[in-house]
Amino acid sequence: MTERPDVSRRHLLISGGLFATAPLRRTEDTDKSGIRPVQPAHERVPTAPRERVPTAGSAKGTPAGKAVAGKGHALDEPYLDGDEIQGNVLPGFMKPYMAVAALTIGDTARAKGWLTDVAPRITTLAQAMQSRAKVRAHRGLGPERLNLLGALPPGMNDVWLNIALSSGGLSKLLSGGGRAGDLGLFVDQGFQRGLAARSSLLGDPTDRSAGGNPANWVFGGPGREADVLLILAADREAEGARVLAEVRAGAVASGLTVLYEESGHKLDAIGKEHFGFQDGISQPGVRGRLLGFPGDFITPRTIDPSRLPDAWLYGLPGQYLVWPGEFVFGYPRSGADPLIPGQVNLPGPAWIRNGSYLVFRRLRQDVAGFRAFLAESAEMLSGHPGFEGVTPEWVGSRLVGRWPSGAPIARVPYEDDAVLGVDHLANNNFGFAADAAEDPLVAGLKAGQWPDAKADPVGLTCPMAAHIRKVNAREAASDLGGRRASFSRRILRRSVPFGPALGELPGRDPANGNRGLLFACYQASIEDQFEFLCNGWAGSSKRPRSPSGFDMVIGQNGMPGDRRERSCTVFGSGAVPATLVTMNDFVVPTGGGYFFSPSISALKEVLAV
Ligand code: N7H
């Protein structure tokens, strides 16, 4: 395990001076604590108005000669193959209970027999979609969700299974046949080499004695890499565990060995993770339709295009629509115009169509350490002008970019708001480059009322280093260029916490951190999406925009031993900056792997034969 440095080694810098002489502006609605980072007018960077796109059928907004007036979607949005794509890729299982099992193949011929048996049990996009739509209809999308959190439609008792293979697993299954060369056609270097080999590139500790080093992972380290990963999700834990036991027994009977198995579940109805924040809120809105699915689009369209042409860009308010080729092979990627499909993404053998890459990481969370850091930071900060009265929760909200409820600090900078946190029609409606406005919603939908988010180009409210800002530049320019560049960096997150919650009592963690996140995400490029977000942005002190500092939640600085110090800048009222510094990694990798989630027919007709 990584040694946690003595508390006294953590320190905090208040780097006054830069804006310290700026007048502290208070407005009438300044909150009780008096903390209000106001941006003086002369410091305001002029911002572009929110991008407007031509209305449907205009020369630029849709492909020549075709018009779809007022439907609120781009033309040529493809039908997705609902019986081929695995359901955790799209629309995502999102169940309260999830278990993973990592297996190695013993005898390849017998393993193929097992794959043939298990293939009919794999849950598809079409199957998962029906259920997801029922849950959505049952709970609603707006502020009413607060009273319906965790509520399931009557009789719902799904147990869903998905499967993925590592490059090692594919190599075994493809060897000896006519497709032995196909693995070499997978262009993603991350997938080819595997998570353990890429660990140092992600910033993981390189000292073999550190808990986060692959040598100490529970699985996935050298010599303990999985061939197969099973992901099972269920509404009810007992039912899920029963089915997993059945599937596992079949695998073992076919010569596979279980390297690792673990289950996790949502910690509460809202879906908080161990640090206490609602997780899983912001997902890319994937473009595409599903044949026979009422409503057609897999991502619901909620903004009325007859009142706002921008509606064509969004699913939920603030949720940019991204072309499906960024996540699933065989579909168009983002193009130069957000409404026009880009090139079809098929970087490998033809049978990768309808497949996706899966990253799985078992991330241990040092909850006691994180809480102590927030408490110490708040105490130190609150003694300084501009930060009077700040609380640990305030510091946490600056490190994440949202309050524990999920409410974005961009909309409610001064205190949490539980209803906003769960209102899907409002909790993502903010950007960083430009002021946001309330969107006109389609008939029947109503968002709660909160202040509109203001442009925050330099991070005076939501720091440049805040976790959500490090991993999604939203509509703001980044070191990659304009907004479109960050579309190809998005990931579909499918994580669930593991381990018991740490109680509220202060002090050391008796279970020594046996809790964290079973982190899973799908994408079309591990290198350009997951790995880029980790090492390009979260683990960089200067990107996506400098100056910023590290992502203090998941960032790692890639250095060995004592040199893992990370810092970031937050602002108090009057734009007074302060630098927070820590030696600790609050999130420590303890296992995982890179996998490919094949289509159902690739599983049956390529891998199982
Ligand atoms: Fe993060 N956290 O609880 O602090 N994450 N994350 N994450 N994360 C997000 O929108 C968290 C991790 C992303 O579009 C929220 O769901 C923790 C990795 C992305 O606005 C919270 C861990 C990666 C987003 C957390 C962890 C990401 C996101 C806000 C590890 C890979 C969407 C709620 C233990 C790059 C950003 C939400 C957007 C959001 C937390 C890991 C990525 C609260 C504790 C490894 C893309």
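Both ligands and their constituent atoms are indexed starting at 1 by order of listing. As a basis for the values below, the full set of heavy atoms in this structure was taken, side chains included, without hydrogen atoms, waters or symmetry mates.
Residue contacts with ligand 1 do not include Arg469, since none of its heavy atoms lies under 4.0 Å from the ligand. Residue His274 places every heavy atom at 4.0 Å or more from ligand 1. Within the structure, the closest approach of Gly406 to ligand 1 does not fall below 4.0 Å when heavy atoms are considered.
Set against the non-hydrogen atoms of Arg490, the atoms of ligand 1 under 4.0 Å away are 14 (O). Ligand-side atoms of ligand 1 in range of Phe277: 43 (C), range being under 4.0 angstrom from any heavy atom. Ligand 1 places these atoms under 4.0 Å from at least one heavy atom of Leu517: 22 (C), 30 (C), 34 (C). Which parts of ligand 1 touch Ile468 is read off a 4.0 Å heavy-atom cut-off, strictly below it: atoms 20 (O), 29 (C). Numbered from 1 in the order shown, with element, the atoms of ligand 1 that lie under 4.0 Å from a heavy atom of Val553 read 4 (O). Listed by number with element, the atoms of ligand 1 under 4.0 Å from a non-hydrogen atom of Val400 are 4 (O), 43 (C). In summary, the atoms of ligand 1 found under 4.0 Å from a heavy atom of Gly280, numbered by their order in the structure, are 16 (O), 37 (C). Near Gln278, with a cut-off below 4.0 Å to any heavy atom, the atoms of ligand 1 are 33 (C), 43 (C).
The CZ atom of Arg489 sits 7.0 Å away from atom CH2 of Trp537, with the distance rounded to the nearest 0.5 Å. The CZ atom of Arg193 sits 13.0 Å away from atom CD1 of Ile526, with the distance rounded to the nearest 0.5 Å. With values rounded to the nearest 0.5 angstrom, Lys454 atom NZ is found 14.5 Å from Leu460 atom CG. In this structure, NZ in Lys272 is found 9.0 Å from CZ in Phe277, a value given to the nearest 0.5 Å.
If you look at Phe530 and Phe360, their ring centroids are not closer than 6.0 Å. Between Phe327 and Tyr357, the distance separating the two ring centers is not shorter than 6.0 angstrom. Aromatic rings from Phe370 and Phe275 are positioned such that their centres are separated by under 6.0 Å. If you look at Phe596 and Phe186, their ring centroids are closer than 6.0 Å.
For His467, the N, O or S atom with the smallest separation from atom 1 (Fe) of ligand 1 is NE2.
Within the 4.5 Å cutoff, the side chain of Val458 has heavy atoms near those of the Arg545 side chain. The closest side-chain heavy-atom distance from Trp323 to Tyr331 is not below 4.5 Å.
At a heavy-atom cutoff of 4.0 Å, ligand 1 is contacted by the side chain of Leu533 but not by its backbone. When non-hydrogen atoms are compared, ligand 1 lies under 4.0 Å from the side chain of Arg402 (C-beta onward) but not from its backbone. Both the backbone and the side chain of Asp279 come within 4.0 Å of ligand 1, counting heavy atoms alone. Residue contacts with ligand 1, taken as heavy atom pairs separated by less than 4.0 Å, involve Arg493 solely via side-chain atoms from C-beta onward.
The shortest N or O to N or O distance between Val587 and ligand 1 is not under 3.5 Å. For ligand 1, the polar-atom distance check against Asn428 finds no nitrogen or oxygen pair separated by under 3.5 Å.
Among the candidates Pro91, Pro300, Ser131, the single residue satisfying the side-chain contact (heavy atoms from CB on, under 4.5 Å) test with Arg136 is Pro300. Put simply, the residue from Thr299, Asn428, Ile303, Asn429 that forms a side-chain contact (heavy atoms from CB on, under 4.5 Å) with Tyr314 is Ile303.
Counted by atom type alone, Gln529 and Arg490 present zero donor-acceptor pairs between their side chains at under 3.5 Å.
Looking from atom 37 (C) of ligand 1 to the surrounding protein, the closest heavy atom is Ile281 N, 3.2 Å. The shortest contact between atom 44 (C) of ligand 1 and any protein heavy atom is with Glu273 OE1, 3.3 Å. Looking only at heavy atoms of the protein, atom 46 (C) of ligand 1 is closest to Val471 CG2, 3.6 Å. Counting only heavy atoms of the protein, atom 10 (O) of ligand 1 lies nearest to Ser282 N, 3.0 Å. Looking only at protein heavy atoms, the nearest one to atom 20 (O) of ligand 1 is Arg474 NH2, 3.1 Å. Nearest non-hydrogen protein atom to atom 31 (C) of ligand 1 is Phe519 CZ, 3.6 Å.
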Q: Might you work through the salt bridge (charged side-chain N to carboxylate O under 4.0 Å, His left out) test for Arg493 and Asp279, ending with a clear yes or no?
A: CA-CA 10 Å; Arg493 290 173 300 136; Asp279 199 7; 3.0 Å; yes

